[in-house]
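Quick one: the structure is below, and I'll ask about it shortly.
Along the sequence shown, the residues carry numbers beginning at 1. The analysis underlying the following values was restricted to heavy atoms, covering all of them including side chains, and did not include hydrogens, waters or symmetry mates.
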Amino acid sequence: MATRSRTHVVVFLAPAVLVYTAVMIWPLFNTLRLALYTAGEEGRVFVGLANFATLFGDPRWSGAFWNALGNNFWFFFIHMLVQNPIGIVLAAILSHPRLRFAALYRSAIFIPTILSFVIVGFAWKLILSPIWGIAPSMLDAVGLKSLFAPWLGREGSALTTLALISVWQFVGIPMMLIYAALLSIPEEILEAGEIDGITGWAAFWRIKLPLILPSIGIISILTFVGNFNAFDLIYAAQGALAGPDFSTDILGTFLYRTFFGFQLQLGDPHMGSAIATAMFAIILAGVCVYLFAIQTRMRRYQF
């Protein structure tokens with residue numbers, strides 16, 4: 001029986017493993033392999049880690065790389081400091097049993113997450129346009145037109161503006177995950193808190209929040225991975241050059257220009273693979289920090 005059971009598992013897992021290997025594992029290892037070569041007169045030439053030395057040490061490459069990496073971290077911090085706290089607050093409000101039309105509010109907040117990046121990028125670019133956008137007139141209607149500025153056209157504000165647009169689009173995801181976590185809390189625990197006089201927001205801070213910390217941790221690492229893989233919104237709103245003057249350039253757009261080429265820049269698959277490998281290493285490091293440091297502490301806290 002044991003042998004038959006194992007064979008049964010292998011038969012059912014094999015198709016999924018083969019597909020995953022073909023579309024994920026093999027491209028990953030092929031990217032790592034390409035990063036160790038360069039284009040020579042007689043074809044590919046093995047250069048070891050020379051491409052990484054060029055990426056980190058050559059001023060022609062390192063400046064663009066560190067600029068993109070810094071912008072990526074800022075893009076991520078905006079989501080962590082704005083998107084996730086707002087998602088938690090919205091989930092806490094929507095999970096209140098006395099709130100009317102909660103389902104309608106949840107749907108309205110979640111709808112932007114199913115929209116295309118291209119639609120969101122072009123729509124907000126039109127909204128914020130100082131020439132034909134509706135943002136100036138909307139601010140003028142409430143007497144705040146003096147606060148309007150071409151945020152997407154200024155180096156100091158373009159990246160933050162795009163990050164906030166991304167927050168608007170994806171705040172529904174942490175909201176729904178936290179909402180599900182809040183609903184899974186046993187009623188007995190909340191009733192015990194009510195007996196001790198812990199109600200309202202005090203119950204959220206002292207009872208609910210500690211119990212949903214694992215969900216918050218998962219949301220944080222998903223935010224990290226998603227933001228360091230970001231590309232679509234920046235490309236749709238600011239183009240491959242991530243203007244103005246590369247102020248919105250992140251690793252995704254930097255990789256795109258390097259690998260495929262753009263305008264006068266010729267594509268270099270080997271340097272592009274080196275950038276992709278660096279992105280993979282950064283994401284892997286962040287995931288490992290979460291798994292081996294934060295997650296371990298959460299388990300100890302639960303025990």
Do Leu126 and Ile131 sit in one hydrophobic cluster, given that two such residues count as connected whenever their side-chain heavy atoms are within less than 4.5 Å of each other, even indirectly? yes
Please report the shortest heavy-atom distance between Leu152 and Gln238, naming the atom on each side. O-NE2, 3.2 Å
Any side-chain heavy atom of Phe56 within less than 4.5 Å of one from Trp66? yes
Do Ile221 and Leu291 belong to the same hydrophobic cluster, where Ile, Leu, Val, Met, Phe, Trp and Tyr are linked whenever their side-chain heavy atoms lie under 4.5 Å apart, directly or via other members? yes
Side chains of Thr248 and Glu155: does their closest heavy-atom pair fall under 4.5 Å? no
d(Phe224 CZ, Phe73 CZ) to nearest 0.5 Å is 5.5 Å
Thr258 side chain reached by Phe262 side chain, heavy atoms, under 4.5 Å: no
If you measure from CZ on Phe52 to CZ on Phe65, what distance do you get to the nearest 0.5 Å? 10.0 Å
To check you understand the geometry: which heavy-atom pair defines the closest contact between Ala236 and Gly121, and what is its length? CB-CA, 4.3 Å
Hey, does Met138 have a side-chain heavy atom less than 4.5 Å from the side chain of Phe148? no
Hey, are Trp74 and Thr160 close enough side-chain-wise for a donor-acceptor pair under 3.5 Å? yes
Honestly curious: do Tyr37 and Leu266 fall in one hydrophobic cluster under the side-chain, below-4.5 Å linking rule? no
Is there a side chain to side chain contact (heavy atoms under 4.5 Å, CB included) between Val171 and Ile109? Walk through the geometry before answering. CA-CA 8 Å; Val171 71; Ile109 296 171; 4.0 Å; yes
Flag, side chain of Asp196 to backbone of Ile198, donor-acceptor distance under 3.5 Å: no
Rounded distance (nearest 0.5 Å) linking atom CG of Asp268 with atom CZ of Phe260: 12.5 Å
Distance col, row Met175:CE vs Ser95:OG, nearest 0.5 angstrom, shows 11.0 Å
Closest heavy-atom contact between Pro136 and Pro130? CG-CA, 4.4 Å
Between Ser107 and Ala103, is there a donor-acceptor pair closer than 3.5 Å when you use the side chain of the first and the backbone of the second? yes
For Ser157 and Thr161, the nearest pair of non-hydrogen atoms, with its separation, is O-OG1, 2.7 Å
May I ask you to test the Ile282-Leu69 pair for a side-chain heavy-atom distance under 4.5 Å? yes
Would you mind listing every side chain to side chain donor-acceptor pair (under 3.5 Å) that reaches into residues 163-179, with sequence neighbours excluded? His79-Ser166, Arg106-Tyr179
Main-chain N/O of Ala35 paired with Asn51 side-chain donor or acceptor, under 3.5 Å: yes
Would you mind reporting whether Leu182 and Ile212 have side-chain heavy atoms less than 4.5 Å apart? yes
Using residues 10-32 as the side-chain source, report each donor-acceptor pair under 3.5 Å to any protein atom, sequence neighbours left out, with the distance given to one decimal.
residue : atom : partner : partner atom : Å
Thr21   : OG1  : Val17   : O            : 2.7
Asn30   : OD1  : Arg33   : NE           : 3.1
Asn30   : OD1  : Arg33   : NH2          : 2.5
Thr31   : OG1  : Pro27   : O            : 2.8

Any idea which heavy atoms bring Leu162 and Leu233 closest together, and the distance? O-CD2, 3.5 Å
Test Arg60 against Thr54 for side chain to side chain contact (heavy atoms under 4.5 Å, CB included), laying out the working first. CA-CA 9 Å; Arg60 294 175 299 174; Thr54 300; 5.6 Å; no
So, for Gly272 and Leu255, which heavy atoms are closest and what is the spacing to 0.1 Å? O-CD1, 3.0 Å
Fit a plane to each ring of Tyr235 and Phe231, take the angle between them on a 0 to 90° scale, and name the class: parallel (under 30°), tilted (30 to 60°) or perpendicular (over 60°). parallel
Determine whether more than 12 heavy atoms belonging to other residues, nucleotides or ligands lie under 6.0 Å from atom CH2 of Trp132. no
Spacing of CG belonging to Asn227 relative to CD1 belonging to Ile78, to within rounding of 0.5 Å: 10.5 Å
Tell me whether Phe77 shares a hydrophobic cluster with Tyr290, the cluster being built from Ile, Leu, Val, Met, Phe, Trp, Tyr side chains joined at under 4.5 Å. yes
Close side-chain approach of Leu209 and Ile216, heavy atoms under 4.5 Å: yes
Take Ile173 and Ile219 through the test side chain to side chain contact (heavy atoms under 4.5 Å, CB included) and record every step on the way to the result. CA-CA 9 Å; Ile173 294 178; Ile219 291 170; over 6 Å; no
Taking Asn84 for the side chain and Met80 for the main chain, is one N or O donor matched with an acceptor at less than 3.5 Å? no
Give a yes or no on whether the backbone of Asn67 and the side-chain of Asn71 come within a donor-acceptor separation of less than 3.5 Å. yes
Do the ring centers of Phe117 and Phe170 come within less than 6.0 Å of each other? yes
What about Val120 and Trp151, same hydrophobic cluster or not, with Ile/Leu/Val/Met/Phe/Trp/Tyr joined at side-chain heavy-atom distances under 4.5 Å? yes
Determine whether Met271 and Trp61 satisfy the following criterion, side chain to side chain contact (heavy atoms under 4.5 Å, CB included), listing intermediate values before the conclusion. CA-CA 10 Å; Met271 285 301 299; Trp61 289 94; 3.8 Å; yes
Beyond-backbone contact of Thr38 with Arg44, side-chain heavy atoms, under 4.5 angstrom: no
For the CD1 atom of Ile185 and the CG atom of Leu211, what is their distance to the nearest 0.5 Å? 5.0 Å
Is it the case that the side chain of Lys145 and the backbone of Leu139 share a donor-acceptor pair, with hydrogens and angles ignored and the cut-off at 3.5 Å? no
Using the side chain to side chain donor-acceptor pair (under 3.5 Å) rule, take Thr253 and Asp249 through it: C-alpha gap first, then chi angles, then the decisive distance, then the call. CA-CA 6 Å; Thr253 51; Asp249 195 22; 2.4 Å; yes
